Amino acid sequence: MSQQSAPRPTDLVVFGGTGDLSMRKLLPSLYLLDRDGHLGGETRVVAVSRDGLTDADLRDKAAAAVGGHHAVQVAEPDVLARFLSRLSHVTVDVGGDPSGWSDLADALGGDRDRVFYLAVPPMISGSICRGLSEAGLVTPSSRVVMEKPLGRDLASSREVNDAVGAVFDESQTYRIDHYLGKETVQNLLVLRFANVFLEPLWNSRWIDHVQITAAETVGVGGRRGYYDTSGAMRDMVQNHLLQLLCLTAMEPPATYDREAVRDEKLKVLQSLRPLTGERVAEDAVRGQYVAGTVQGSRVPGYLDEPGGAPTSTAETFVALRAEIANWRWAGVPFYLRTGKRLAHDRSEIVIRFREVPHTIFPGTNTLSGAGSLVIRLQPDEGIHLTMLAKAPGAGALRLRPVPLELSFANTFATRSPEAYERLLMDVLAGDSTLFMRRDEVEAAWRWVDPIIEAWNGQSTTPETYPAGSAGPAGAQRLIGRTGRTWYEEEQPR
């Protein structure tokens, strides 16, 4: 969570520097960091691609990307000019003409720190790292940033990490998960470990269950080909949702130190009860959207999206019931859920507390939403606690759920940084606390792989759900068989 500028002159070298991720996320985030004074005066950004662009071409594309970003709205001319002056382009054909590596070495001359951001498919990460090493561009102060997916399973993840690890030490390797850069995710650590009143309640004695949801109204769009081979389990559960589970369930670290925090997250992953065999059929639901109406617009089904196989069984929705087999959480189900083309955009963690052991107010235990702590990641980042209170008025005692709200936008009256802003700043400052360690990634794959293998061995296909709905009926059955409901189903319409 470093808020310091990079201490030395730094070059941020982005492989895939003219691609979708760079234009949608990285360059706008870097502009915002520059605007807010978080880029050192000598920081340079070098975009590497096969496109053969001139520096002027790149700057034109970057200006359009920055100006079209929702968090920028209107770029400040002086800041934009300064930011664009930092940008340059180098053409490198990885695995092709080797002269590009010499051109890159010439562009990066001088005594500077180097951060290499691999915004590329993971299968070429090893080739890039070898090229950097052979060109003499890797120094002890260099860092490498890797985007997900880190493989398709445990074996391929190890291959990717071995290839990168042959050049970069683990301490130099930053595996990015943009969910960990969200303001509310970081506030989750503060909420838990800086407020003494919550810790006595944060266990199986007082918590009934936990729900972690990442719902999107968008479909796969131009990523259909990728999604056919990935699916929601690899794309969302293995990284984003399991990382949120770790931060929710981890023990207090001894210090706010990058290794101490990551040690505790690893322990959670190692404590997950395996989902194998018959348990997959019972505790894992997969779905695929069909045509429907999302927020008033008719949209096609997954199989009608361009660029994929006409009979793909890739899941666009996953719901799971997970259990953590340790002292704190034994017996508390964690419900994980993610999907595309759902009714609402919603990313949140819901802590549902147990009912009071004996109520003196008959009928109040069934009031909707009472006893919920909601940590909203998006939209409208904030923390929402629902309590029961007496409704005003004479006569019979009437209780009503009432919210205690913390809206970050309203409370702090300042813009929350984009997730990539924070994570890029941390990379430049050398702070890896919010990045995944290799053993975390492998522990997550170890838990996810048997679920995917069980699905692949089944003759059934994903349960369909109409676009614009709450997902497949199986998700309601999953949580409903114990008398529980998804949080949004309890809210007033």
Side-chain angles (χ1 to χ4, degrees), residues 1-4 36 38 177-213 240-269 271 324 326-329 332 334 347-354 371-387 402-419 421-423 425-426 429-437 440 487:
M1 295 187 199
S2 172
Q3 295 299 315
Q4 304 175 28
D36 295 342
H38 293 309
D177 183 339
H178 71 271
Y179 265 56
L180 299 186
K182 293 181 182 294
E183 192 73 36
T184 322
V185 172
Q186 295 185 56
N187 251 296
L188 175 57
L189 294 177
V190 176
L191 179 73
R192 287 197 56 197
F193 303 134
N195 294 286
V196 69
F197 68 90
L198 276 179
E199 176 56 27
L201 305 179
W202 212 262
N203 54 59
S204 60
R205 182 177 180 184
W206 301 109
I207 292 177
D208 177 77
H209 71 279
V210 177
Q211 299 177 23
I212 301 176
T213 296
H240 300 328
L241 266 63
L242 287 185
Q243 284 292 309
L244 296 180
L245 181 147
C246 287
L247 294 174
T248 303
M250 63 187 275
E251 295 296 318
T255 60
Y256 185 72
D257 168 81
R258 62 187 181 188
E259 296 308 325
V261 170
R262 298 197 290 187
D263 284 346
E264 297 302 335
K265 288 198 295 174
L266 176 63
K267 291 176 186 177
V268 175
L269 292 169
S271 299
I324 300 172
N326 65 16
W327 188 274
R328 182 185 291 266
W329 295 112
V332 176
F334 283 71
S347 293
E348 63 192 13
I349 302 165
V350 179
I351 312 297
R352 290 304 307 264
F353 293 99
R354 295 189 182 279
S372 299
L373 175 65
V374 182
I375 300 143
R376 287 192 304 261
L377 280 64
Q378 62 184 30
D380 305 323
E381 291 181 307
I383 298 170
H384 173 110
L385 177 63
T386 305
M387 303 177 63
V402 294
L404 299 178
E405 287 275 357
L406 168 60
S407 165
F408 294 144
N410 294 336
T411 301
F412 298 106
T414 186
R415 183 185 71 88
S416 291
E418 296 279 296
E421 287 179 63
R422 178 175 289 104
L423 295 174
M425 191 65 253
D426 283 355
D431 183 351
S432 60
T433 305
L434 295 175
F435 296 80
M436 292 179 288
R437 206 166 58 191
E440 286 183 72
Y487 175 73

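Bear in mind that the values here come from a model prediction, so they are computed numbers and not experimental data.
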For Arg205, give me all partners under side chain to side chain contact (heavy atoms under 4.5 Å, CB included), at least two apart in sequence or on another chain. Asn203
Provide the closest heavy-atom pair for Gly382 versus Thr184 in the form atom of the first, atom of the second, distance. O-CG2, 3.8 Å
Pairwise side-chain contact, Glu251 with Trp327, heavy-atom cut-off 4.5 Å (strictly under): no
The side-chain hydrogen bond (donor to acceptor under 3.5 Å, both in side chains) partners of His178 (sequence neighbours excluded) come to none
Applying salt bridge (charged side-chain N to carboxylate O under 4.0 Å, His left out), which residue pairs with at least one partner in residues 376-387 are found, sequence neighbours left out? Arg376-Glu405
Only counting residues at least two apart or in another chain, list the ones meeting side-chain hydrogen bond (donor to acceptor under 3.5 Å, both in side chains) with Thr213. Arg337
Does some side-chain heavy atom of Ile324 sit less than 4.5 Å from a side-chain heavy atom of Leu245? yes
Tell me whether Asn195 contacts the main-chain N or O of Leu198 through its side chain, where contact means a donor paired with an acceptor under 3.5 Å. no
Are Leu269 and Cys246 close enough that some pair of their side-chain heavy atoms sits under 4.5 Å apart? yes
Candidate pair Tyr256 and Val261, rule side-chain contact (heavy atoms from CB on, under 4.5 Å), full reasoning: CA-CA 7 Å; Tyr256 185 72; Val261 170; 4.1 Å; yes
Is the side chain of Asp177 donor-acceptor paired with the backbone N or O of Tyr179 at a distance under 3.5 Å, no angle test? yes
Value rounded to 0.5 Å, distance of OG1 in Thr248 from CD in Gln211: 12.0 Å
Run Ile207 and Arg352 through side-chain contact (heavy atoms from CB on, under 4.5 Å) and show every step you take. CA-CA 6 Å; Ile207 292 177; Arg352 290 304 307 264; 6.0 Å; no
Hey, could you give me the CG/CE distance between Leu242 and Met436, rounded to the nearest 0.5 Å? 10.0 Å
For Glu348, salt bridge (charged side-chain N to carboxylate O under 4.0 Å, His left out) partners two or more places apart: Arg346
Given side chains that start at C-beta, do those of Val374 and Ile383 come closer than 4.5 Å, heavy atoms only? no
Value for CH2 (Trp202) from CZ (Phe197), rounded to nearest 0.5 Å, stands at 9.5 Å
Which of Leu373, Leu244, Ile351 passes side-chain contact (heavy atoms from CB on, under 4.5 Å) with Val210? Answer is Ile351
Taking C-beta and beyond as the side chain, do Met387 and Leu385 meet within less than 4.5 Å on heavy atoms? yes
Over 60° means perpendicular and under 30° means parallel, so tell me whether Phe334 and Trp329 are parallel, tilted or perpendicular. perpendicular
Indicate yes or no: at least one non-hydrogen side-chain atom of Phe193 is less than 4.5 angstrom from one of Pro253. yes
Checking Arg354 now: which residues fulfil salt bridge (charged side-chain N to carboxylate O under 4.0 Å, His left out) with it, not counting sequence neighbours? Asp208
Which distance, rounded to the nearest 0.5 Å, do you find between the CG of Leu188 and the CG of Leu247? 6.0 Å
Not counting sequence neighbours, which residues clear side-chain hydrogen bond (donor to acceptor under 3.5 Å, both in side chains) with Lys182? List them please. Gln378
Please report the C-alpha distance between Ser372 and Tyr487 in whole Å, then the side-chain angles of each, then the deciding distance to 0.1 Å, and finally whether the side-chain contact (heavy atoms from CB on, under 4.5 Å) criterion is met. CA-CA 9 Å; Ser372 299; Tyr487 175 73; 4.0 Å; yes
Across all chains, not counting sequence neighbours, the salt bridge (charged side-chain N to carboxylate O under 4.0 Å, His left out) partners of Glu259 are Arg262, Arg437
To the nearest 0.5 Å, tell me how far Ile349 CD1 sits from Ile375 CD1. 5.0 Å
For Gln243, what residues pass the side-chain hydrogen bond (donor to acceptor under 3.5 Å, both in side chains) criterion, not counting sequence neighbours? Lys265, Glu440
Quick note, salt bridge (charged side-chain N to carboxylate O under 4.0 Å, His left out) partners involving residues 190-201, not counting sequence neighbours, are Glu199-Arg328
